[in-house]
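Here the structure is laid out as structure tokens; the discussion comes afterwards.
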Amino acid sequence: MNFQNHNQNNIEQLKKYNLDVYNNAEQIAASIEISIARLHFLAFNSQTSHISHYIHFKTAKKIAGTRIISAPLPDLKRAQYWILHNILQKIAIHNAAHGFCGDRSIITNATPHIGAEVIINIDLQDFFSAITYPRVKGLFQSFGYSSYVATIFGLLCTAPVVEERNVDGEINFVELKQRHLPQGSPASPAITNIICRSLDERLSAIATQFGFTYTRYVDDLTFSASGEQIKHTSSFIKQAQSIISDEGFAINPDKTRILRNSQQQKVTGIIVNQKINISRKKLKSFRATLHQIENEGLEGKYWGKSSNLVASITGFANFVAMVNPEKGAEFQQQIQRIQKKYGKKN
């Protein structure tokens, strides 16, 4: 990569966001506390390379299929954390966003929809890969950084889809698709929330116009309404779909749901018909699983799709604690007994 200055920073814009000025790669490297050679290495971009700054692996989705997690190696991860703390966390996000937002959570995302007559759940398809390198570079430019500086930050925060090939005894990583936000980077969630400010603003505006409520948790969009407003549901969905498409995202048709209050209504896994709750069937199954584990041990037991049983049951117990602190505390205490009895091994 050729780090040459293409244009100037917009100082007034940077001041608006309370961001430090970086004029060249040397200044960025010094702030991250790495050498300029290391920065060049981390921001290296090529169609074919002998190196990869990520470890790629698949994890099971909650419903079906798998997602690719790209975990950055230590030096790149540290640089991404630096960008997160020194740049991204200084940028305000829309109030409709609830994922990876400090004191917001799946609880604050679900609560506004309690007791609604109609709930619409829309899932954005291939959300992270839709946020490509040009969009990320453009985001940093919108903060006031020059094209040259934004290029560096954009390359540090994105990754290509690669295929590992053995060519004459040498391992090569061949780029299959353009660079995009990797799931696994500490900077990615914050970037998605900032990128989606326009989406959130436009959907919030149309929701207000139609008398609907709107929240977003990462790639899960939820709308709800009651009373006379529900007669506009079809028209509202069409306009919302148009906005989503215009903002550069696609809807997953298999995960679009319209839920009436005569059936169980869920928002990001939480029941919201009358109050926030978790399915009794799910809680009963989890209680039975913990009972079996405590009496018989970890061997041959499963919860969810994770290969790490202890992490899986701990994660679900923490989720329950967010929704129902009393029940969650019971599960957490039981897991502590299990770990004490059988150790923390899977």
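Shown here is Gln263, whose CD atom has more than 12 heavy atoms of other residues, nucleotides or ligands within 6.0 Å. Crowding of Glu26 atom CD: a count of heavy atoms from other residues, nucleotides or ligands under 6.0 Å exceeding 12. The number of heavy atoms from other shown groups lying within 6.0 Å of NZ (Lys90) is above 12. Open room surrounds NZ on Lys16; 12 or fewer heavy atoms of other groups in view lie less than 6.0 Å from it. Residue Tyr302 places its OH atom among 12 or fewer non-hydrogen atoms of other residues, nucleotides or ligands, all under 6.0 Å distant.
For the pair Asn277 and Ile270, the tightest heavy-atom approach, listed with the atom from each and the gap, is O-CG2, 3.5 Å. Taking every heavy atom of both residues into account, Ile313 and Val310 meet most closely at CG1-O, 3.3 Å.
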Are Gln80 and Ser185 close enough, and set up right, to give a side-chain hydrogen bond (donor to acceptor under 3.5 Å, both in side chains), and what steps lead you there? CA-CA 7 Å; Gln80 291 169 346; Ser185 161; 3.1 Å; yes

For a side-chain hydrogen bond (donor to acceptor under 3.5 Å, both in side chains) check, start with the C-alpha distance between Thr268 and Asp220, then their side-chain angles and the critical distance, and finish with the verdict. CA-CA 7 Å; Thr268 49; Asp220 290 323; over 6 Å; no

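Residues that satisfy the salt bridge (Lys or Arg N to Asp or Glu O under 4.0 Å) test with Glu247, not counting sequence neighbours, are Arg202. The side-chain hydrogen bond (donor to acceptor under 3.5 Å, both in side chains) search around Glu296 returns Lys301, not counting sequence neighbours. With sequence neighbours excluded, the residues satisfying side chain to side chain contact (heavy atoms under 4.5 Å, CB included) with Ile93 are Ala97, Cys101, Arg104, Asn193, Ile194. Looking at residues two or more places apart in sequence or on another chain, you find a side chain to side chain contact (heavy atoms under 4.5 Å, CB included) between Ala79 and Ile32, Leu42.
In summary, the side chains of Asn109 and Thr215 do present a donor paired with an acceptor at a separation below 3.5 Å, with no hydrogens or angles considered. No side-chain donor from either of Asn273 and Gln264 sits under 3.5 Å from a side-chain acceptor of the other. No hydrogens or angles considered: a donor-acceptor pair under 3.5 Å links the side chains of Asn9 and Asn23. When only modelled atom types and interatomic distance are considered, Ser279 and Lys266 share no side-chain donor-acceptor pair under 3.5 Å. Side-chain atoms of Asn10 and Tyr145 form no donor-acceptor pair, as typed in the model, at a separation below 3.5 Å.
Here ring-ring contact (aromatic ring centres under 6.0 Å, His included) pairs that include residues 262-296, with residues two or more places apart or in two chains, are Phe286-Trp303, Phe286-Phe316, Phe286-Phe331. Note on residues 98-133: pairs passing ring-ring contact (aromatic ring centres under 6.0 Å, His included), not counting sequence neighbours, are Phe127-Phe249.
Interatomic distance, Gln141 CD to Thr151 OG1, rounded to the nearest 0.5 Å: 7.0 Å.
Put simply, the side chain of Lys238 does not reach to within 4.5 Å of the side chain of Ser242, judged on heavy atoms.
Salt-bridge formation is detected for the pair Arg337/Glu294: a Lys NZ or Arg NE/NH1/NH2 atom is positioned less than 4.0 Å from an Asp or Glu carboxylate oxygen.
Note on ring orientation: taking the six-membered ring where Trp is involved, the planes of Phe212 and Phe236 are parallel (angle under 30°, cut-offs 30° and 60°).
Between Tyr22 and the options Trp82, Tyr148, Phe143, a ring-ring contact (aromatic ring centres under 6.0 Å, His included) holds for only Trp82.
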